[in-house]
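The analysis underlying the following values was restricted to heavy atoms, covering all of them including side chains, and did not include hydrogens, waters or symmetry mates. The model shown is predicted, which means the values in this text are computed figures rather than measured ones.
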Amino acid sequence: MADSPSFRRHPRPFSIDLVRWLPSSTSSGRLLAAAVHDPTIPASSHLHLLSLPDPASPLASLPLSSRPTALRCSPFVLAAATSSGSLHLLPSSFDTDSVISIPSGAGFHVGPVRGLDCGGEEWVTAGEDGRVHLVSDGGDGRVVARRVWDGKGMLGYETARWASSAEFATGGAGCGVQWWDRRKGDAVVAQCKGIWGRGVAAGIVHSIDIHPSRKHICVVGGSSGAIFAWDLRWPQQPIPLSGVGLHETAEPVCESEVWEVLFDNYTQSSDIISAASTRILPVMMCSEDGILAIVEQDERPFELLAEPCAINSFDIDPQNPSDVVCALEWESIGVLTRGRDAMAAE
């Protein structure tokens with residue numbers, strides 16, 4: 001018989017904006033990176049290195065120039081972007097003496113950078129200022145940011161995700177989901193407005209994930225509880241997974257902003273899925289109204305948590321995908337441990 005999921009809250013004395021598992025974590029010493037902020041104290045934004053099962057005291061801390069808005073880990077680098085438009089890169093070992101930063105300003109971003117992802121040798125950044133940059137190693141301990149696009153305030157980006165070393169996706173307000181191909185002049189080669197429900201023609205995209213083995217499919221989370229998949233093989237036919245006012249096409253899992261979506265390799269799909277299948281793999285989401293759930297195509301949502309506050313972000317442990325860490329708005333880090341086969345389709 002499957003074990004029931006367990007959930008533990010770890011209260012902290014400050015706001016938790018973002019959390020990520022560090023790839024160096026092991027079963028005997030599991031590590032987290034948390035982007036934190038104290039709204040009552042000026043210049044109080046930090047990155048904290050925390051250890052489980054007891055994250056009471058940071059093992060290390062890095063002060064940030066302003067409130068963190070994006071946090072990503074690669075196998076060797078931890079990157080954080082801020083509300084002022086700066087970018088900070090440090091080894092995933094959290095060696096704070098080796099930080100490399102790009103300041104905000106006319107040459108980079110002005111305002112919050114919410115889209116951030118690593119594509120191997122390059123990082124992509126996308127900001128509310130409508131700018132998209134590729135950041136790479138410039139040698140001699142420097143990094144170089146090359147501007148790919150400047151929306152000049154006509155649109156704003158909320159998320160970015162690499163699909164391969166040549167392709168990445170962005171999303172936000174006023175642009176839906178865009179697919180970029182560097183082999184074609186760093187250009188947008190496909191675009192999707194999405195499915196938003198309630199008769200809304202265009203919503204705000206907050207999060208995108210791309211499955212590593214099915215790079216032609218991305219899943220999107222956004223405003224008004226909308227979650228949909230976009231298959232580049234049929235770019236004009238987005239697939240609804242959750243939404244309000246979509247009638248029988250997708251049962252809504254929430255009615256608020258969907259802050260983050262990730263493909264969930266731990267959950268067993270109700271159907272066997274091959275690489276050639278059109279069926280969408282299970283997706284985990286978190287929302288402003290405190291929901292952490294699994295959504296799957298043509299299935300009822302499976303609710304994991306219903307918190308009395310927003311779940312700002314979450315991350316699935318890549319080494320132990322049964323474990324999920326959450327950033328709770330009420331100044332807590334939550335850790336959900338799912339029992340073996342507990343998430344299998346009934």
Is there a donor-acceptor contact under 3.5 Å from the side chain of Arg12 to the main chain of Ala56?
-> yes
Step by step, would you call Ser223 with Glu257 a side chain to side chain donor-acceptor pair (under 3.5 Å)?
-> CA-CA 4 Å; Ser223 53; Glu257 307 300 291; 4.7 Å; no
Spacing of Leu18 atom CG and Phe314 atom CZ [to the nearest 0.5 Å] = 12.5 Å
Do any N or O atoms from the side chain of Asp137 and from the backbone of Gly139 form a donor-acceptor pair under 3.5 angstrom?
-> yes
Salt bridge flag under 4.0 Å for residues Asp186 and Arg146 = yes
Qualifying residue, where the test is side-chain contact (heavy atoms from CB on, under 4.5 Å) with His10 and the options are Val335, Leu50, Ile16 | Val335
Nearest heavy-atom approach of Val219 to Phe263 is CG1-CE1, 3.7 Å
Output for pair (Asp264 CG, Met284 CE), nearest 0.5 Å, gives 4.0 Å
Once you round to the nearest 0.5 Å, how far does CG of Leu62 lie from CZ of Phe94?
-> 6.0 Å
Partner of Cys326 by side-chain contact (heavy atoms from CB on, under 4.5 Å), out of Val19, Leu305, Ile333 | Leu305
Using 4.0 Å as the upper bound for N to carboxylate O, is an ion pair formed by Arg30 and Asp317?
-> yes
Can you tell me how far NE2 of His109 sits from CZ of Arg114, rounded to the nearest 0.5 angstrom?
-> 12.5 Å
Ion pair present between Glu260 and Arg161, side-chain N to carboxylate O less than 4.0 angstrom?
-> no
Determine whether the side chains of Trp180 and Thr170 contain a donor N or O and an acceptor N or O closer than 3.5 Å.
-> yes
When you look at Ser45 and His37, which way does the side chain to side chain donor-acceptor pair (under 3.5 Å) test go after all the steps?
-> CA-CA 4 Å; Ser45 297; His37 172 75; 3.0 Å; yes
Looking only at atom types and distance, does a side-chain atom of Ser44 sit under 3.5 Å from a main-chain N or O of Asp38, one as donor and one as acceptor?
-> yes
Are His133 and Phe108 an aromatic pair by the rule of ring centers under 6.0 Å?
-> yes
Does the Thr159 side chain pair with the main chain of Gly171, one donor and one acceptor, at a distance under 3.5 Å?
-> no
Spatial distance of atom CG (Leu89) from atom CD1 (Ile102) [nearest 0.5 Å] | 6.5 Å
Only one of Leu281, Ile294, Val283 forms a side-chain contact (heavy atoms from CB on, under 4.5 Å) with Thr267, so which one is it?
-> Ile294
Salt bridge check: are Arg67 and Asp17 linked by an N-O gap of less than 4.0 Å?
-> yes
